[in-house]
2 protein chains.
Amino acid sequence: MQVRAAQRGKEPALATIQQVADLARVSTATVSRALAGKPSVSAATRERVEEAARSLGYVASATASSLASGRTRNIGMVMPYLGSWFYAAVLKGAHRALADGGYDLTLYHLEDTTRHAERRQRLFDEFLRRKRVDAFIAVSLELSDAELERIALLGKPIVGLGGPIPGVTTLSLDDAGVATLATEHLLSLGHREIAHLGGDEAFEQDFHVPAKRRAAYEQALRAAGVEPDPRLIKNADFTIQGGYQATLQMLGAPQRPTALFAASDEMAIGAILAARDLGLRVPEDLSVVGIDGHELGEFFGLTTVDQFPVVQGRMAAETLLEELSPDAPGDHVNRDLPYELVVRKSTAVPSGRPRE
Amino acid sequence: MQVRAAQRGKEPALATIQQVADLARVSTATVSRALAGKPSVSAATRERVEEAARSLGYVASATASSLASGRTRNIGMVMPYLGSWFYAAVLKGAHRALADGGYDLTLYHLEDTTRHAERRQRLFDEFLRRKRVDAFIAVSLELSDAELERIALLGKPIVGLGGPIPGVTTLSLDDAGVATLATEHLLSLGHREIAHLGGDEAFEQDFHVPAKRRAAYEQALRAAGVEPDPRLIKNADFTIQGGYQATLQMLGAPQRPTALFAASDEMAIGAILAARDLGLRVPEDLSVVGIDGHELGEFFGLTTVDQFPVVQGRMAAETLLEELSPDAPGDHVNRDLPYELVVRKSTAVPSGRPRE
DNA sequence: GCACCGCCTGCAAACGCTTACATTGGTGTC
DNA sequence: GACACCAATGTAAGCGTTTGCAGGCGGTGC
């Protein structure tokens, strides 16, 4: 103890609660209570304590406070991806909401590397048990039974974002609803040859999002009396590049669709660029609709089903904070995430080709 | 104390060091030393302790450990932006390096909102003094003298990324070098009418990056005997949209440049799209070079000066960890960040128009 | 045979808070 | 005027580690 101060020779020894107590001529207990906003402190005393704290520049040590109270006021955010705008937006939304609630956010990024399994193991073996955080937000993370059990053992609240996790509060997007909305938008414009650019399961293993979207797309078509054409369905890797390539192939084939529904905005943008490169006009020759609410959507005039990633992050944080509040109901509510069709210039009534 | 356990009725009471000590039949001191890898523990004892810890699933409490040792093994990362791919990449790089070093990362996002000043104030008044972290990484954050003083008072290491901060270890990009490299690339291809899409200072206030790049661009031109033409210089907001608009105007004017150097890849991509929309071919009618190493650069065949954001994050983290190591030199080394010209398909020898 | 020296280990004191429980006056009631 | 009660504060016991210091013990040198 006191060693670092000696070693380093500096450490200006930030004020402790004792010093504040001395200055305000009360006990440390009262200082703690006053600064925590507890009701059982007289107005006069509180004022005196606050003044003392201010003049000393006192801020309670998070570590000492955590150790004593058992609460860290820190939330762990576990994300398997980070590079994309989408996850950055989710992070942003969650961070803001947590900061507003007086919580810090510690990030744990589970990346797709060769050491993925090792890191993931370490996450569950160490990070989660280290008591550095009060609770977790797990984004797009499908958990194994063993992992779920470990979490249950910890007894710490956890909110999942992106897909139902058994026994855990989850916020999820109604993938079928989203895909139906997009498909019906195209149908309502009069399109019948509607292609689908789905996601490759290999790139979004969790929760089978691509499959759900594809199924809803097919069902919406059938409901409108259109039999899905397997030749109009392609999978890509969720990127602009992938959408571009897939669309190039699709539009090169003899039976060209008049509309295309992509499972992500990035693929949709790729599709728009591919169409342009083939000399096709969007939306006259090809209507395109995506999913996500990508920041570039506006620039490309892309019609999309926005899923408000920033809001997702915020909702996850708010839900978690509710669960952490003392009067929490205790049961796990699974909320649905909002989504909304944003119509821009990439979709229109089919034209340019003879209608049969 | 013990309250939460009672209140909530759960909390499986994770194993404490005492339990490990009992099981291994040693004192808690020895357990601590054995698990920390201290040399003064016999091999036999160490083995016994490790076995006990393993069987109990013991992981030391971060808060207790921090309080006792004064070290948190947690780093604060302060970022003014978060939404863009660039900062997400920096974050990713830093996180990985910190995780490898056994450190956690707590994020502090200083966003551009109306409450910006308030949050920033709070950052310096509370977050930094709360002792939740051992040190900081400040990304693209220009600090006021008052803030610098506060940091100095804390005595905690800090590494800045993105611009020289007086008295602080900083990693910065040689903006002049980058702009010179890009400009000279175009000059070496034979271009003489080279436009510049600079950044608007309003959108990147810190460190005057746009001004430095522009100055270096002009100097490179002069060095090659070309007088910079003010009509060929425009500012935009670093986005695709902004680059698109500015380029549209620029190429609509009578004296059209044969090449364009944009201060960011996103503006460069906007420029490429604008050129296409005007019926110009890239690179035949217009060569375009950007700066950054954007993930979309490959797709658009964009020649760029890559500044490796992931590496920047990693370097910042590694530099900080070095400073935290006990045998740190103590002086502040300011390193330069790497950059590299990546030639793709958007630049070529000028052609298509009569050379004079 | 003795003094010393190292190597391991244990003891116990922090670390800086929070909070259960005790204490102290002051008010209100009958 | 005695009693009960309540509000405000103090006392002190933790919270779960780390680490300075001391001590035991076996070996070594002379």
Side-chain angles (χ1 to χ4, degrees), chain A residues 1-7 11 13-22 24-49 52-53 56 58-74 129-132 134 326, chain B residues 1-7 11 13-22 24-49 52-53 56 58-74 129-132 134 326:
Chain A
M1 325 105 229
Q2 286 303 58
V3 179
R4 313 127 271 145
Q7 272 180 0
E11 302 256 344
L14 298 189
T16 72
I17 199 174
Q18 185 65 58
Q19 299 177 37
V20 178
D22 291 349
R25 325 190 109 252
V26 293
S27 70
T28 61
T30 299
V31 174
S32 177
R33 283 187 284 247
L35 262 26
K38 294 263 164 70
S40 63
V41 177
S42 74
T45 305
R46 185 185 305 275
E47 175 55 39
R48 210 146 31 91
V49 170
L56 290 172
Y58 171 77
V59 174
S61 152
T63 56
S65 170
S66 300
L67 181 57
S69 71
R71 281 173 264 102
T72 64
R73 304 226 114 213
N74 190 20
R129 336 188 60 179
R130 219 182 292 159
K131 295 190 170 180
R132 201 192 268 306
D134 290 337
Chain B
M1 328 105 228
Q2 285 302 59
V3 179
R4 314 127 268 149
Q7 271 181 359
E11 301 257 344
L14 298 190
T16 72
I17 200 174
Q18 185 63 59
Q19 297 177 36
V20 178
D22 290 349
R25 326 191 110 252
V26 293
S27 70
T28 61
T30 299
V31 174
S32 176
R33 283 188 283 248
L35 262 28
K38 295 263 164 68
S40 64
V41 177
S42 75
T45 305
R46 185 185 304 276
E47 174 57 37
R48 213 145 30 93
V49 170
L56 289 172
Y58 170 77
V59 175
S61 152
T63 56
S65 171
S66 300
L67 181 57
S69 71
R71 281 174 265 102
T72 64
R73 305 228 105 202
N74 190 20
R129 339 188 56 180
R130 218 183 293 160
K131 295 192 170 177
R132 199 191 270 306
D134 290 339

Side chain to side chain contact (heavy atoms under 4.5 Å, CB included) involving [X] - partner list, sequence neighbours excluded:
X: B/Thr45; answer: B/Val26, B/Thr30, B/Val41, B/Ser42, B/Arg48, B/Val49
X: B/Ala60; answer: B/Tyr58
X: B/Ser66; answer: A/Thr63, B/Thr72

Q: Kindly write out the residues that satisfy side-chain hydrogen bond (donor to acceptor under 3.5 Å, both in side chains) with A/Glu47, not counting sequence neighbours, or none if the list is empty.
A: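 Not a single residue meets the side-chain hydrogen bond (donor to acceptor under 3.5 Å, both in side chains) criterion with A/Glu47.
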**Q.** For A/Arg130, all residues meeting salt bridge (charged side-chain N to carboxylate O under 4.0 Å, His left out), sequence neighbours excluded
**A.**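 Listed in chain order: B/Asp104.
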**Q.** salt bridge (charged side-chain N to carboxylate O under 4.0 Å, His left out) against B/Arg33, all qualifying residues, sequence neighbours excluded
**A.**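 By the salt bridge (charged side-chain N to carboxylate O under 4.0 Å, His left out) rule, B/Arg33 matches no residue at all.
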Q. So what is the end-to-end bend of the helix from C/dG1-D/dC30 to C/dC30-D/dG1, with 5 pairs used at each end and the value given to 10 degrees?
A.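 The end axes of the helix from C/dG1-D/dC30 to C/dC30-D/dG1 are about 40° apart, to the nearest 10°.
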Q. Which part of the nucleic acid does A/Ser32 contact within heavy-atom distance under 4.0 Å: base, sugar-phosphate only, or nothing?
A.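 The answer is base, as A/Ser32 lies within the cut-off (heavy atoms under 4.0 Å) of a base atom.
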Under-3.5 Å N/O pairs linking protein and nucleotides 24-26 of chain C:
none

Q: Give a yes/no on whether any side-chain N or O of B/Arg48 is located under 4.0 angstrom from OP1 or OP2 of C/dT9.
A: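 Looking at the OP1 and OP2 atoms of C/dT9, neither is under 4.0 Å from any side-chain N or O of B/Arg48.
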Q. Quick one: is C/dG10 close enough that its OP1 or OP2 comes under 4.0 Å of any side-chain N or O from B/Ser27?
A.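 Looking at the OP1 and OP2 atoms of C/dG10, one of them is under 4.0 Å from a side-chain N or O of B/Ser27.
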Q: Could you check which residues of residues 36-47 of chain A get a heavy atom under 4.0 Å from DNA chain C? Sort them by number, please.
A: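 Per residue number, the list reads A/Lys38.
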